[in-house]
*Asks:* 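Quick one: structure below, then a few questions.
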Amino acid sequence: MSQNKPIGVFDSGIGGLTVLKALQSHFPYESFIYIGDTARLPYGTKSPETVARYAANLTKEILHHDVQAIIVACNTASTHGLTTVKALAKDIPVIGMIDPAAESAVSASRTGHIGVIATSGTIKSEAYKNALIKQNPDCKISSVACQILVALAEEGWANTDIAKSTLHTYLDPIFKQKNSPDTLILGCTHFPLFAPLIKEMLGTGVTLINSGEAASHHLAKLIKKNPSEKTSPKIKFFVTDDPQRFAENAAKFYNDQITPEDVMLIDIQS
Ligand code: DGL
């Protein structure tokens, strides 16, 4: 793959910045194009057909940037749209969130009991269940849809009492059972923001799987980590609505400032 071409990353909005952050720390010499479909989020509550159509629109847009690979930095879009994205991308490698996270979870789990938290759409589709069983037919899966966490993360409430009590409501039925999971997939790109609270609640005996980290390991198989032909990396951000709001909220997901001038408003053709 050419080191000079950017890596294309897209998400329903802002959550994919947690994936971009992980990718950048693994590939500091690579340039990135990030597209957030802020006009049409959330994807997690929409039908599979709608999400697949949105994913196709974003893929066509990202292909205009002559990318070397596409990362679908949204679990819901990976669930419903990966086949469509791959068909449009032709010979450009495409990495979704589901298979890499499932693979990491199966190799991390000692007991074979894996928990999954994700959006309503991702859980309803059973994408994680299928991917985990493909990796380990004997594994046991406990999953729960946690759509409200998406709104809490966007509101900047990831580290509040409300988040804590919401997490208890979702996670207690799974983790208060006997022989509870020893591994938990954070199956939505917003959820790494809750990792500190989840770790505090579940303790060190439960390994958390971050989809951005897992996808980075997959990408590492495709590109060299420190190319000899070093370039000065560039990152371009595009959104379909309100660059100002995206920039203001970005720091929570990205641990870095993005100014409104860094973000370009685009119109995605349906
Ligand atoms: N980024 C989406 C995901 O990872 C969650 C946000 C949404 O519902 O759009 O599933």
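The first residue in the sequence is number 1, and the count goes up from there. What you see below is based on every heavy atom in this structure, not just the backbone, and it leaves out hydrogens, waters and symmetry mates. Both counts, for ligands and for their atoms, begin at 1 and track the order of listing.
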*Asks:* Take Lys221 and Glu103, measure what salt bridge (charged side-chain N to carboxylate O under 4.0 Å, His left out) needs, and give me the verdict at the end.
*Replies:* CA-CA 14 Å; Lys221 293 176 197 156; Glu103 210 177 295; 3.7 Å; yes
*Asks:* Compute the minimum heavy-atom distance from Gly15 to ligand 1 and say whether it is under 4.0 Å.
*Replies:* no
*Asks:* Check ligand 1 against Thr119 and write out every atom of the ligand that is under 4.0 Å from a heavy-atom position of the residue.
*Replies:* 5 (C), 8 (O), 10 (O)
*Asks:* Any idea which protein heavy atom is nearest atom 5 (C) of ligand 1, and the distance to it?
*Replies:* Cys188 SG, 3.3 Å
*Asks:* Under 4.0 Å from a heavy atom of Pro42: give me the atoms of ligand 1 that qualify, with their elements.
*Replies:* 7 (C), 8 (O), 9 (O)
*Asks:* Just by distance, with hydrogens left out, do Asp182 and Ser109 show a side-chain donor and acceptor under 3.5 Å apart?
*Replies:* yes
*Asks:* Numbering the atoms of ligand 1 from 1, which are under 4.0 Å from a heavy atom of Gly44?
*Replies:* 7 (C), 8 (O), 9 (O)
*Asks:* Do Arg40 and Asp37 sit within salt-bridge range, that is, some charged N less than 4.0 Å from a carboxylate O?
*Replies:* yes
*Asks:* Does some non-hydrogen atom of Gln147 fall short of 4.0 Å from ligand 1?
*Replies:* yes
*Asks:* Does Lys21 come within less than 4.0 Å of Asp256, counting only side-chain N to carboxylate O?
*Replies:* yes
*Asks:* Test Thr189 against every option in Asn75, Leu20, Thr76 by the side chain to side chain contact (heavy atoms under 4.5 Å, CB included) rule and name the one that passes.
*Replies:* Asn75
*Asks:* Can you sort out the partners of Glu155 under side chain to side chain contact (heavy atoms under 4.5 Å, CB included), two or more places apart, ordered by chain and number?
*Replies:* Trp157
*Asks:* With a heavy-atom distance limit of 4.0 Å, tell me whether Thr76 approaches ligand 1 through its side chain, its backbone, both, or neither.
*Replies:* both
*Asks:* Have a look at Val19, Leu186, Asn75, Thr122 and point out the one with the heavy atom closest to atom 3 (C) of ligand 1.
*Replies:* Asn75
*Asks:* Considering only heavy atoms, does Ser12 approach ligand 1 within less than 4.0 Å through its side chain, its backbone, both, or neither?
*Replies:* side chain
*Asks:* So is Gly13 in contact with ligand 1, going by heavy-atom distances below 4.0 Å?
*Replies:* no
*Asks:* Which residue and atom name correspond to the protein heavy atom nearest atom 7 (C) of ligand 1, and how close is it?
*Replies:* Tyr43 N, 3.4 Å
*Asks:* Under 4.0 Å from any heavy atom of Asp11, which atoms of ligand 1 are there?
*Replies:* 1 (N)
*Asks:* Ignoring hydrogens and angles, tell me if any N or O in the side chain of Asp172 forms a donor-acceptor pair with the backbone of Thr169 under 3.5 Å.
*Replies:* no
*Asks:* Are His190 and Phe253 an aromatic pair by the rule of ring centers under 6.0 Å?
*Replies:* yes
*Asks:* Does ligand 1 have a heavy atom under 4.0 Å from the side chain of His190, from its backbone, from both, or from neither?
*Replies:* side chain
*Asks:* Tell me, with the steps shown, if Lys252 and Glu154 meet salt bridge (charged side-chain N to carboxylate O under 4.0 Å, His left out).
*Replies:* CA-CA 8 Å; Lys252 299 195 275 279; Glu154 298 211 349; over 6 Å; no
*Asks:* Which atom pair, heavy atoms only, marks the closest approach of Thr183 to Ile209?
*Replies:* CG2-CG1, 3.7 Å
*Asks:* Considering only non-hydrogen protein atoms, determine which one is nearest to atom 2 (C) of ligand 1 and report residue, atom name and distance to 0.1 Å.
*Replies:* Cys74 SG, 3.3 Å
*Asks:* Please work out, at 4.0 Å between heavy atoms, whether the side chain, the backbone, both, or neither of Thr45 comes within that distance of ligand 1.
*Replies:* neither
